[in-house]
Amino acid sequence: MEYNFKEIEKKWQAWWAENHTFKTETDPSKPKYYVLDMFPYPSGAGLHVGHPLGYIASDIYSRYKRLKGFNVLHPMGYDAFGLPAEQYAIQTGQHPAITTEQNIARYRQQMDRIGFSYDWSREVRTCDPKYYKWTQWAFLKMFNSWYNPETDKAEPIDTLIAKFKAEGRWDGLTEKEQSDLLMQYRIAYQGETAVNWCPKLGTVLANDEVKDGYSVRGGFPVEQKKMLQWQLRVSAYAERLLAGLDTIDWTDSLKEMQRNWIGKSQGAEMVFKVSNGSQEYDMTIFTTRADTIFGVTFMVLAPESEWVEKLTTPGQKEAVDAYLLQAKKKTERERIAETRKVTGVFSGSYAFNPLTGEKVPVWISEYVLAGYGTGAIMAVPAHDSRDYAFAKTFNLPIIPLIESCDISQESFDAKEGIMCNSGFLTGMSVKEAIPAAIDYIEEHGLGRRKINYRLRDAIFSRQRYWGEPFPIYYNNGIATAMPESALPLELPEVDKFLPTESGEPPLGRAKGWEYDGYPIEKSTMPGFAGSSAYYLRYMDPHNDEALVSREADEYWRDVDLYIGGTEHATGHLIYSRFWNKFLYDLGYVCEPEPFKKLINQGMIQGRSNFVYRIVNTNTFVSCGLKDNYETTEIHVLVNLVNNDRLDIEAFKAWMPEYHDAEFILENGEYICGWAVEKMSKSMFNVVNPDDICDRYGADTLRLYEMFLGPLEQSKPWDTKGIDGVHRFLRKFWGLFYDRDDFRVSDEAPSPAELKALHKLIAKEEFDIEHFSFNTTVSAFMIAVNELSDLKCCKRAILEPMTILLSPFAPHIAEELWHDLGHSESISYAKFPEYVAAYTVEDSFEYPVSFNGKLRFKITLSKSLTPKEVEAAVLADPNTAKYLQGGVARKVIVVPGKIVNVVC
RNA sequence: GCGGGUGUGUUGAAACUGGUAGACAAGCAAGACUUAGGAUCUUGUGCCUAGCGCGUAAGGGUUCGAGUCCCUUCACCCGCACCA
């Protein structure tokens, strides 16, 4: 019987579905293991061969853990709200729900062909009202909570009201005043803020949805605009988000990215007296270099700072206004493009150094950001490169504060050296001077220690249709929460998916978009809303009473292994951690961190192929000869090429214009050129997993994607070598079948056969635990080659081999498993029970070297002490040969490793 | 600029806490069986002046012994970027 993968795969996929093989139940008698993939946004293009890489890895690990006796939760769902479906709806009028439904169906079909072991009964879709009820619920909880700095956690807003009452700050306020007051504390709050506004999309975007001044989705220009927006007080969690990183098993680079994003910096706030000639104020600035206070030669304000108005003198008003206007007109993009250009204007006012009393000018410049610190800085040009550039441009004085530093060409930014020109700090090292300066400032009431974070609150409103509606209505302009009983607040129908004529979001078109006669909020929630807590919903997906029941949460707790792309490092992975910590504070979940271990799978790039047409002809020249002609490089559909050799007939049939093409060959073949590029339709390099399944089968696809290289590395898709993997599966099949005869026998295995099996077991367990799936596949190939040479067809060997292979190639394993006489799925096999009692001999090969040169090996018991090993080596007849009559000066024994004899 | 990472044959890549570098594949070459083969099987395949020689981006160090540890330099990739 031949290995007929098509039939086998179809048969078992249907069987798994029918028997609900992968359905998971909460089962406290077994240890749990939760393996999660980042759920996909179902785009119209379908899956290409790169998407399943992480899914295959997580599936292998899930199946492996199941064989090891764990109760594995391995669910899948769809991040189904999003811009592309809405854009498509605007263009075609087709409701995004329909587009999304179709795309999901296609994704599902493609995933099913690969044979994943998802428990589809737990599927979630973020656009399903039964699901987004809980997104809205969490929002209500955030609206009705505040962050208590004393307990360092979120608490119900009632505790804050009680506090205000006790302090006498509540009674007597109007309803509006009370609302405004609470708004400053709520975790989900409404506030005026500068946002990334994308006019083309008609909506605001989060920072991670903008790249280089263009929207990530669509690539439209983005500008800064001040708007009233819903926001989440993520910044309140900055310290805990930072500290939590030390408790989780993520890669260093990813943790570092999050640390940078949170951007903790320790320094001091300092108060400077400022005067515009007629009035004096106290202005607070933030600095990390309090030690450089004696080198302050000017101050700088952000153009958006509220100080600008107060400190602009009548004489400078015209110049300042002109500068502000010009700064405002610039888009974010232009600001970035002009990063190196120094601009600014003098305000007319002066500040007074709190330590020296010296009078320094106050300037306004774009290089100071309104959103960080206090939006105002003290400038120390000698020791800050930005201040230095500014001082040089506007001819401001530069005072060096560190002995013998050279500041003629550039500033000296390093925090090292001995202070000079610095009053009481002179003579100290910089490291001593920083705390000393802050201590002095605190003692004299000039300022205080302060920690600043770069992390900003998350903007939570989007002016578009295809997202979760806010369960908020406006009672005389006061934002009011709906009761939980009103959830889910379902997305209403609209006639068009565009903003209204008056510039309102699309929900402004919905008829009767009211609650109790009051208008409902018209913006919707952003993409990350639905993806922030989906891992919790999988634990208990059909619960109408709670996001997740206490029982389910206490059993499944957190995600043990999370696999997904690195592109979510500062978006989803921060928001999700924040969301989880918030629910943790209120007691709805029992783990402070949602994702214990995280692996970023690499991207699979496309490998494009080219043909070379000689200009003005229809003749194509093979790659190796192309330099002899003037040619045009043309992308060719990769399916027409095998190992860079063009299938000429298929190429001619591909497009009418190539019908009569002629070819200049080398060695009788047409060799194509190639390049690694992003996988995309326009480059004809998209490889569809369905095609691979047709040609080689899902098991080969799975094995090959793993064999391609380390999981975390990006690599181009290249079908070179897929035959080798396919051959391996056929060889494995051949151990069971000789032509049509199933030849597996119950004969006792030989030591050589057992050794081959157990070598594989040892390697496999170690490698899978380290996610080194490429070497695991290699180990399999070695074992099968060895058993093939031994002509082994014994049950005691092949049965455990089949179980071991099942995570990687589940279809063929299932088929052979049933051929071996089992009626249950191989997924229910308990691997340890099938491992024969075979212990690797308790001996070890010690390599023996002389003066570091390896000479021979000696086999000794592992349990010997170093002294005994030494004696055995010296007594060995080989030793005499290398000592050449001399004496060993020293014998170094590294237990379990090597013996080195120094002569 | 700052932070993280990588550098090994013709190619994808192995090498667990330092211990015979290049496993396993791909490619290439030769051979076998074949009417034929992009099928199957066998063998060979780091480099050269062929020594028991040289080789893991380059140079230096620690060690009996370094792809692995330390320092310097170079190249590439990723992330952040006027964050005071």
Side-chain angles (χ1 to χ4, degrees), chain A residues 251-261 263-265 267-268 285-290 292 299-300 302 335-336 338-342 365-369 371-380 383-387 389-390 410 413 452-456 566-567 569-570 600 602-603 642-645 647 669 704 707-710 712-716 718-725 727-728 730 762-763 766-767 770 772 774-785 845-857 889-892 894 896-903:
Chain A
T251 60
D252 288 340
S253 75
L254 200 79
K255 285 189 189 180
E256 207 51 39
M257 264 190 233
Q258 292 217 339
R259 284 194 195 104
N260 290 341
W261 192 258
K264 179 177 183 171
S265 65
I285 58 98
F286 175 75
T287 180
T288 54
R289 294 293 303 272
T292 60
M299 310 289 285
V300 190
R335 280 207 194 184
I336 289 164
E338 292 171 17
T339 285
R340 302 272 160 233
K341 213 164 131 191
V342 180
S365 173
E366 271 181 338
Y367 86 88
V368 175
L369 305 175
Y372 186 78
T374 61
I377 61 150
M378 64 178 212
V380 185
H383 303 290
D384 182 290
S385 55
R386 296 151 301 171
D387 298 345
F390 196 82
E410 54 182 9
D413 292 11
N452 243 316
Y453 298 94
R454 249 181 61 187
L455 186 69
R456 315 280 174 83
T566 177
E567 67 272 18
T570 51
N600 292 120
M603 277 227 288
N642 195 4
N643 284 348
D644 291 334
R645 277 147 188 77
D647 180 337
E669 289 175 319
Y704 189 59
F707 189 65
L708 220 43
E712 311 198 49
Q713 216 167 80
S714 286
K715 53 231 156 189
D718 186 351
T719 40
K720 262 186 195 170
I722 195 165
D723 291 314
V725 173
R727 219 173 352 246
F728 153 74
R730 291 227 300 272
K763 178 93 176 137
F766 184 88
D767 284 356
H770 289 83
S772 177
N774 54 334
T775 55
T776 322
V777 177
S778 296
F780 250 106
M781 293 180 175
I782 296 168
V784 167
N785 283 341
E845 267 192 335
Y846 280 85
V848 178
S849 69
F850 285 79
N851 290 335
K853 284 264 184 219
L854 226 67
R855 296 302 185 186
F856 64 92
K857 287 185 178 185
R889 275 196 289 140
K890 198 166 83 178
V891 180
I892 302 158
V894 184
K897 267 194 200 165
I898 193 168
V899 181
N900 186 46
V901 183
V902 184
C903 305

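In what follows, chains are A, B, ... by sequence order, proteins preceding strands, each numbered from 1.
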- Query: Taking O4'-C1'-N9-C4 for purines and O4'-C1'-N1-C2 for pyrimidines, is B:G55 syn (within 90° of 0) or anti?
  - Reply: anti
- Task: Tell which nucleotide pairs with B:U8, taking only Watson-Crick or G-U wobble pairs whose two distances are both under 3.5 angstrom.
- Result: none
- Message: Between B:A26 and B:A13, how many Å separate the two C1' atoms, rounded to a whole number?
- Response: 10 Å
- For B:G79, which nucleotide is its Watson-Crick or G-U wobble mate, given both distances must be under 3.5 Å? B:C2
- Using atom CZ of A:Phe390 as one end and atom P of B:A84 as the other, report the distance to the nearest whole Å. 18 Å
- Message: What is the distance, to the nearest angstrom, from the OH atom on A:Tyr704 to the P atom on B:A26?
- Response: 10 Å
- Item | Nucleotide forming a Watson-Crick or wobble pair with B:C28, both distances under 3.5 Å | B:G44
- At under 4.0 Å between heavy atoms, what does A:Asp767 touch on the DNA or RNA strands: base, sugar-phosphate, or nothing? nothing
- What is the pairing partner of B:U49, taking Watson-Crick or G-U wobble pairs with both distances under 3.5 Å in any strand? none
- Task: Give the rounded distance in Å between these two atoms: CG of A:Asp723 and P of B:A39.
- Result: 7 Å
- Query: A:Asp647 has a side chain; which of B:A39, B:A14, B:G38 sits nearest to it?
  - Reply: B:G38
- When the C1' atoms of B:G31 and B:C64 are considered, how many whole Å apart are they? 46 Å
- Message: Quick check: do A:Val368 and A:Ile377 have side-chain heavy atoms less than 4.5 Å from each other?
- Response: yes
- Query: On a whole-Å scale, what distance lies between the P atoms belonging to B:A50 and B:U17?
  - Reply: 39 Å
- Message: If you define the side chain from C-beta out and look only at heavy atoms, does anything of A:Ser265 sit under 4.5 Å from A:Phe286?
- Response: yes
- As its Watson-Crick or G-U partner within any shown strand, both distances under 3.5 Å, B:A21 has none
- Item | Interatomic distance at C1', B:C47 relative to B:U8, whole Å | 14 Å
- On RNA chain B, check which nucleotide each of A:Gly371 and A:Thr566 is closest to and give me the residue with the more 5' one. A:Thr566
- Query: Does A:Tyr372 have a side-chain nitrogen or oxygen under 4.0 Å from the phosphate oxygens OP1 or OP2 of B:A84?
  - Reply: yes
- Rounding to the closest angstrom, what is the interatomic distance between B:A81 and B:G65 at atom P? 48 Å
- Message: Nearest 0.5 Å, please: how far is CG in A:Asp384 from OH in A:Tyr367?
- Response: 6.5 Å
- Give, for atom CG of A:Asp723 and atom CZ of A:Arg730, the distance between the pair rounded to the nearest 0.5 Å. 8.5 Å
- Just call it for A:Pro716: base, sugar-phosphate, or nothing, with non-hydrogen atoms closer than 4.0 Å on any strand. nothing
- Query: Quick check: are there more than 12 heavy atoms from other residues, nucleotides or ligands sitting under 6.0 Å from CD of A:Glu410?
  - Reply: no
- Message: Show the nearest heavy-atom pair for residues A:Asp387 and A:Val380, with the distance to one decimal.
- Response: OD2-N, 2.9 Å
- Say you pick atom P in B:A14 and the same atom in B:G59; how far apart are they, in whole Å? 25 Å
- Query: Could you give the CZ-to-P distance, from A:Phe728 to B:A26, as a whole number of Å?
  - Reply: 13 Å
- Side chains of A:Ser772 and A:Thr775, donor plus acceptor under 3.5 Å: yes
- Which atom of A:Arg289 lies closest to which atom of A:His383, heavy atoms considered: NH1-O, 4.4 Å
- Note on the structure: Between CG of A:Asp384 and C1' of B:G1 the distance, given in whole Å, is 12 Å
- Judged by atom type as modelled, is there a donor-acceptor pair below 3.5 Å linking the side chain of A:Gln258 to the main-chain atoms of A:Ala569? yes
- Sugar-phosphate, base or nothing in reach of A:Gly373, heavy atoms under 4.0 Å: nothing
- Message: Of the options B:C24, B:A15, B:A84, whose atoms approach the side-chain atoms of A:Thr775 most closely?
- Response: B:A15
- Query: Which nucleotide sits closest to the side chain of A:Arg454: B:A14, B:A81, B:A84?
  - Reply: B:A81
- Message: I'd like the P distance from B:G3 over to B:U72, given in whole Å.
- Response: 13 Å
- Message: Can you measure A:His770 atom NE2 to B:A14 atom P for me and round it to whole angstrom units?
- Response: 14 Å
- Item | Any A:Arg727 side-chain N or O less than 4.0 Å from OP1/OP2 of B:A25 | no
- Nearest to side-chain heavy atoms of A:Asn785, which nucleotide of B:A39, B:A14, B:C24: B:C24
- Task: Would you mind pulling out the nucleotide paired to B:A57, Watson-Crick or G-U wobble, both distances under 3.5 Å?
- Result: B:U73
- Note on the structure: Walking RNA chain B from its 5' end, the first of A:Gly375 and A:Lys763 to be reached, judged by nearest nucleotide, is A:Lys763
Pick out the pairs of N or O atoms, protein on one side and nucleotides 3-12 of chain B on the other, that lie under 3.5 Å.
unit_1, atom_1, unit_2, atom_2, d
B:G12, O2', A:Leu708, O, 2.5

- Query: Whom does B:A36 pair with, Watson-Crick or G-U wobble, provided both distances fall under 3.5 Å?
  - Reply: none
- Query: Can you tell me how far C1' of B:C2 sits from CE of A:Met257, to the nearest Å?
  - Reply: 14 Å
- Query: Over how many whole Å does the gap from A:Met603 atom CE to B:C78 atom C1' extend?
  - Reply: 11 Å
- Taking atom P in both B:U10 and B:C28, what distance in whole Å separates the two? 16 Å
- Query: Considering all heavy atoms of both residues, which atom of A:Met603 and which atom of A:Ser714 are nearest to each other, and what is their separation?
  - Reply: N-OG, 3.0 Å
